[in-house]
Amino acid sequence: MSIPTLERDTTLDTAGLPDTPWVTIVWNDPVNLQSYVSYVFRSYFGHLRPEAERLMLLVHNEGRAVVASGGREEMERHVEAMHDFGLSATLAKDDA
Amino acid sequence: MTPFEHSGAVITARLQGFEAELLGDLAGQLIVLLGERAPHARAETEPHGDSELVSAAALLAQLGIGGSESAPLDPALARLLPDAYRNDDAASTEHRRLTEMGLVERKIANANLVMATLTTDPVELTEPAAQSWLRTLTDLRLTLAARLHIEEDGDDGTGDEAMLGVYEWLGYLQGTLLDEIERMAGEREF
């Protein structure tokens, strides 16, 4: 039985599509305390402690973690909020 | 025993006189540093400015827009006010133009609140004040880390032992304040 391949069309330009998903990425930095990063994820995003700790450890161990996804404007607001907290954060088009 | 202890919804900070003075001084320096990115805020009080231009700039500042278009050259300011995009200068510039002024003003407001709370003895922090403390302590640590060239995990900081001592003390204050905020929130859940 043959399995259809669903390869991505690399020439497809999705920039103008309204529902193109965007992501908020928090980057590791040597300054912020792990307890503070976990606190920010709980107090701002409303995560429960296990999820906040998982994301915090991802940031710490992998250097970055996607902490939210959605529309571009929403991700811009998240990034601004992370900068308010002093976390290193950017947004990007989700190309995963 | 840590410097912070809560009772009800108020956290009391037990700081030595010289500690309160040092923290206030650092918060004041942070405000001056951030002020470099808020020319419109300064223009408001410029006695010889073009009044029409000043009022338009002041209005934009009130709306939280009208910020600079380029990232700060000072590494400390660049860390406090980072680009919102990696590898997309045009998008970063646009985001900065729309949001940087508001970010600067909120950081300055937090530092101002920290300075105001330090004038009372004992120092008592309501919940919003404690939040301003958390953010300002972070901003101060980011600033000192940039000055100490602490750029990656494991960096010990170059040179200035006294500055490194202050950096570590600020980390201790933030960590213990956060612990107390967590204890306070924990009690509320029951």
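The chains referred to below are lettered A, B, ... by the order of the sequence lines, with proteins before strands, and numbering in each begins at 1. Note that this is a predicted model, so its numbers are computed, not measured. Quick note: numbers below take in every heavy atom, side chains included, and nothing from hydrogens, waters or symmetry partners.
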Tell me, for [X] versus chain A, whether the close heavy atoms (under 4.5 Å) come from the side chain, the backbone, both or neither.
{"X": "B:D155", "answer": "neither"}
{"X": "B:L178", "answer": "side chain"}
{"X": "B:I181", "answer": "side chain"}

If you draw the axis of the six-membered ring of A:F85, does the NZ or CZ of B:R135 fall within 45° of it and under 6.0 Å from the ring centre? yes

I'd like to verify something: which residue of B:A145, B:G154, B:P82, B:G171 has the highest number of heavy-atom pairs under 4.5 Å with chain A? B:P82

Would you mind telling me which of B:H95, B:R79, B:R86, B:E151 has the largest number of heavy-atom pairs within less than 4.5 Å of chain A? B:R86

Can you measure from OH (B:Y172) to CG (A:L33) and round to the nearest 0.5 angstrom? 13.0 Å

Part of [X] lying under 4.5 Å from any heavy atom of chain B:
{"X": "A:R49", "result": "side chain"}
{"X": "A:S43", "result": "neither"}
{"X": "A:L87", "result": "backbone"}
{"X": "A:A89", "result": "backbone"}

Is it the case that [X] and [Y] place a side-chain donor and acceptor less than 3.5 Å from each other?
{"X": "B:T99", "Y": "A:E80", "value": "no"}
{"X": "B:Y85", "Y": "A:E76", "value": "yes"}
{"X": "A:W27", "Y": "A:T90", "value": "yes"}
{"X": "B:N110", "Y": "B:D139", "value": "no"}
{"X": "B:Q174", "Y": "B:T138", "value": "yes"}

Look at A:V40, A:L91, A:N28 and state which one has the largest set of heavy-atom pairs under 4.5 Å with chain B. A:L91

